[in-house]
Number of protein chains: 2
Amino acid sequence: MKEIIHVAIVEDDDEIRQTLALIINGTPGYHCKHTFIDCESANKELPNLYVNVVLMDIELPGISGIDGIKQLKPQMPNTDFIMLTIKQDDNSIFDSLCAGASGYLMKDTPPSELLRSITEVYKGGSPMSTNIARKVIQSFQISTPPSPLSGRETEILQLLCKGMNYRSIAEQLYLSAHTVKSHIKNIYKKLHVNSRAEAVSKAIKDKLI
Amino acid sequence: MKEIIHVAIVEDDDEIRQTLALIINGTPGYHCKHTFIDCESANKELPNLYVNVVLMDIELPGISGIDGIKQLKPQMPNTDFIMLTIKQDDNSIFDSLCAGASGYLMKDTPPSELLRSITEVYKGGSPMSTNIARKVIQSFQISTPPSPLSGRETEILQLLCKGMNYRSIAEQLYLSAHTVKSHIKNIYKKLHVNSRAEAVSKAIKDKLI
DNA sequence: AATGCAGTACCCCAAATGGGGGATTTCACA
DNA sequence: TGTGAAATCCCCCATTTGGGGTACTGCATT
């Protein structure tokens with residue numbers, strides 16, 4: 001036997017909302033009993049309902065879909081949220097994912113794929129269009145300009161990030177504290193900084209370590 | 001008319017490699033002329049060939065697929081790499097993406113989906129199984145424990161990260177340097193650190209700022 | 001009324017830091 | 001063959017930092 005997936009919809013456009021509900025209710029294995037026109041009303045009722053998957057519009061009047069998830073997801077940790085959007089080309093993708101969304105689809109996704117996506121989030125996947133996926137993975141591929149630091153300098157910078165002082169670093173690397181200081185002076189020159197704090201900040205932000 | 005997508009394969013298992021090539025060459029619109037059994041041989045020839053998409057095994061003898069991409073991708077920025085793997089449950093996903101891969105598929109992906117994925121990377125998408133996508137987006141949803149710092153302390157921590165000293169911070173916030181020092185002492189207590197470098201490191205890594 | 005936290009301000013002092021030098025060896029690359 | 005970068009070590013000295021205090025105000029919660 002096949003389980004029924006309970007779906008809720010938060011979407012302000014009447015036509016889209018009703019069309020989505022029709023698609024879902026017209027397909028065996030899917031059921032949509034609750035729909036909401038904004039986050040305000042969804043926030044009141046949704047946490048008390050048994051729902052597996054929520055389709056959430058991003059551009060909503062009042063509370064945005066992103067802020068809506070931020071409030072709802074903590075109350076419904078076992079419910080998966082799929083964001084629906086018309087525009088793929090902005091960073092609301094990242095805001096949505098950080099807010100707790102599990103999937104991210106275009107509103108013009110064909111019904112068959114929408115239903116497949118609902119099943120997939122329900123089964124623990126994260127459906128998203130491959131274009132959106134590309135944007136997501138590009139965020140991992142931030143081009144790291146080659147570090148200007150030598151091996152020893154990088155090594156020392158790592159220890160600086162742990163909050164170690166000249167002496168501790170010297171002991172750990174079997175060097176004299178003088179040497180460590182020399183290296184750190186060179187690190188400062190190369191990174192164009194003049195304090196530990198700034199060096200550490202730059203090191204972590206620029207992924208030098 | 002339909003363009004032909006030129007595919008190369010790097011895979012040590014003879015059977016898999018030949019099967020993949022057969023699938024690709026047996027389908028109109030796809031062509032696979034070059035296959036390699038390891039990264040060592042691929043590194044020599046691939047950069048000089050015209051190839052749109054490379055299917056790269058992750059677990060290769062000698063140079064791994066991940067290290068292979070690190071070397072190849074910079075030389076072939078317009079070529080897309082799809083990683084092939086048998087195990088999805090580790091962080092080679094992230095290493096691959098960071099190294100420059102555009103897609104990430106299981107080796108047991110059915111032929112039709114493999115071909116669709118090749119087309120999708122070629123068109124600028126990033127195909128990956130929804131399970132893998134879930135792992136990727138979970139990396140965005142790191143739960144940030146509420147900061148123990150007060151508003152003023154957070155403000156001062158931000159300035160510390162810029163490398164400012166007591167006096168500069170004091171001037172910027174219209175405080176006495178004594179006050180700034182008091183705040184910083186409290187920051188250290190709350191973060192369980194005892195130096196600027198450590199505080200800055202913790203602040204950035206824990207996203208306190 | 002009391003307690004505690006945030007924010008402000010001050011004192012003392014030892015230790016660490018940053019900036020300015022200079023010096024040597026080794027090793028690669030031109 | 002020499003030039004430079006990397007790595008090691010040393011000196012001096014003014015400034016900054018960190019740790020130990022104390023003290024006052026306001027505000028909220030108890």
Side-chain angles (χ1 to χ4, degrees), chain A residues 144-209, chain B residues 43-44 47 67 70-71 74-75 144-209:
Chain A
T144 309
S147 167
L149 302 181
S150 73
R152 202 52 150 173
E153 285 159 358
T154 303
E155 196 174 5
I156 287 176
L157 186 53
Q158 285 167 353
L159 300 179
L160 279 186
C161 289
K162 290 189 186 172
M164 292 168 72
N165 60 16
Y166 292 145
R167 197 162 29 77
S168 312
I169 296 174
E171 280 165 11
Q172 171 137 2
L173 300 180
Y174 303 105
L175 294 173
S176 87
H178 293 293
T179 306
V180 174
K181 186 172 175 176
S182 287
H183 282 304
I184 291 180
K185 281 196 282 191
N186 286 328
I187 292 173
Y188 289 180
K189 276 203 185 77
K190 288 184 179 178
L191 299 186
H192 307 294
V193 300
N194 42 33
S195 75
R196 273 164 149 67
E198 219 179 338
V200 167
S201 182
K202 196 155 197 156
I204 299 176
K205 286 181 180 164
D206 293 358
K207 301 202 195 305
L208 294 179
I209 56 162
Chain B
N43 279 342
K44 283 201 197 93
D67 290 327
K70 278 185 195 155
Q71 295 165 20
Q75 304 175 62
T144 309
S147 167
L149 302 182
S150 73
R152 202 53 149 174
E153 286 159 358
T154 304
E155 196 174 5
I156 287 176
L157 186 53
Q158 284 168 354
L159 301 179
L160 279 186
C161 288
K162 290 189 184 173
M164 291 168 73
N165 59 17
Y166 292 144
R167 198 160 29 76
S168 313
I169 296 174
E171 282 164 10
Q172 171 136 3
L173 300 180
Y174 304 104
L175 295 173
S176 88
H178 293 293
T179 304
V180 174
K181 187 172 175 177
S182 286
H183 283 303
I184 291 180
K185 280 197 283 192
N186 285 329
I187 292 173
Y188 289 180
K189 276 203 186 77
K190 288 183 180 179
L191 298 186
H192 307 293
V193 301
N194 43 31
S195 74
R196 275 163 146 68
E198 221 179 336
V200 167
S201 181
K202 196 155 196 152
I204 300 175
K205 285 182 179 164
D206 293 358
K207 305 203 194 303
L208 294 179
I209 56 163

Practice task
Find the distance A:Ile187:CD1 to D:dA7:P and express it as a whole number of Å.
Solution key: 10 Å
Problem - Phosphate OP1/OP2 of D:dA5: any A:Lys190 side-chain N/O under 4.0 Å - result: no
Problem - Protein-nucleotide distance (A:Glu153, atom CD; D:dA5, atom C1'), rounded to Å - result: 10 Å
Fill in the blank from the handout: For B:Leu157 and B:Ala203 the tightest heavy-atom approach is CD2-CB, 3.5 Å
Exercise for the section: Let me know the distance between CD1 of B:Ile156 and P of D:dG18, rounded to the nearest Å. Expected result: 13 Å
Problem - Contact interval (first through last nucleotide) of DNA chain C with protein chain A, 4.0 Å heavy-atom - result: C:dA16 to C:dG21
Practice task
Decide yes or no, distance alone: a donor-acceptor N/O pair under 3.5 angstrom between the base of D:dC9 and the side-chain of A:Thr179.
Solution key: no
Handout entry: Of residues 164-171 of chain B, the positions that come close to DNA chain D - non-hydrogen atoms, cut-off under 4.0 Å
Key = B:Asn165, B:Tyr166, B:Arg167
Practice task
Let me know the distance between NZ of B:Lys185 and P of D:dT17, rounded to the nearest Å.
Solution key: 13 Å
Fill in the blank from the handout: Sorted by position of nearest nucleotide on DNA chain C, 5' first, the leading residue of A:Asn194 and B:Ala177 is B:Ala177
Problem - B:Gln158 and B:Lys162, any side-chain heavy atoms less than 4.5 Å apart - result: no
Exercise for the section: Name the residue closer to the 5' end of DNA chain D, choosing between B:Ser182 and B:Ser195 according to the nucleotide with the nearest heavy atom. Expected result: B:Ser195
Problem - Heavy-atom closest contact (B:Ala197 atom, A:Gly163 atom, distance) - result: CB-CA, 4.2 Å
Practice task
Indicate whether OP1 or OP2 belonging to D:dA7 is found under 4.0 Å from a side-chain N or O atom of A:His183.
Solution key: no
Problem - Spacing between B:Ile184 atom CD1 and D:dG19 atom P, to the nearest angstrom - result: 11 Å
Practice task
Write down the distance between CD (B:Glu198) and P (D:dG18), rounded to a whole number of angstrom.
Solution key: 10 Å
Problem - Sugar-phosphate, base or nothing in reach of B:Lys189, heavy atoms under 4.0 Å - result: nothing
Exercise for the section: Measure across B:Gln75 and B:Gln71 and return the closest heavy-atom pair with its distance rounded to 0.1 Å. Expected result: NE2-O, 3.0 Å
Problem - Nearest-nucleotide pick for A:His178, side chain only, options being D:dC9, D:dG18, D:dA7 - result: D:dC9
Exercise for the section: Mind calculating the distance between CZ (A:Arg152) and P (D:dT8) to the nearest angstrom? Expected result: 4 Å
Problem - Euclidean distance, A:Ser150 OG relative to A:Glu155 CD, rounded to 0.5 Å - result: 9.0 Å
Practice task
Taking the side chain as every heavy atom from C-beta outward, state whether B:Tyr188 and B:Arg196 have any atom pair closer than 4.5 Å.
Solution key: yes
Exercise for the section: Evaluate the side-chain proximity of A:Val180 to A:Leu173: yes if any heavy-atom separation is below 4.5 Å, no if none is. Expected result: no
Exercise for the section: Check whether any side-chain heavy atom of B:Leu191 lies under 4.5 Å from a side-chain heavy atom of B:Leu149, and answer yes or no. Expected result: yes
Exercise for the section: Could you tell me whether the side chain of B:Ser168 reaches within less than 4.5 Å of the side chain of B:Leu159, counting heavy atoms only? Expected result: no
Practice task
Please check the phosphate of D:dT8 (OP1 and OP2 only) for any side-chain N or O of A:Ser176 closer than 4.0 Å.
Solution key: no
Exercise for the section: Would you mind reporting whether A:Ile169 and A:His183 have side-chain heavy atoms less than 4.5 Å apart? Expected result: no
Practice task
Classify the side chain of B:Lys181 versus the base of D:dG19 as yes if they form a donor-acceptor pair under 3.5 Å and no if they do not.
Solution key: yes
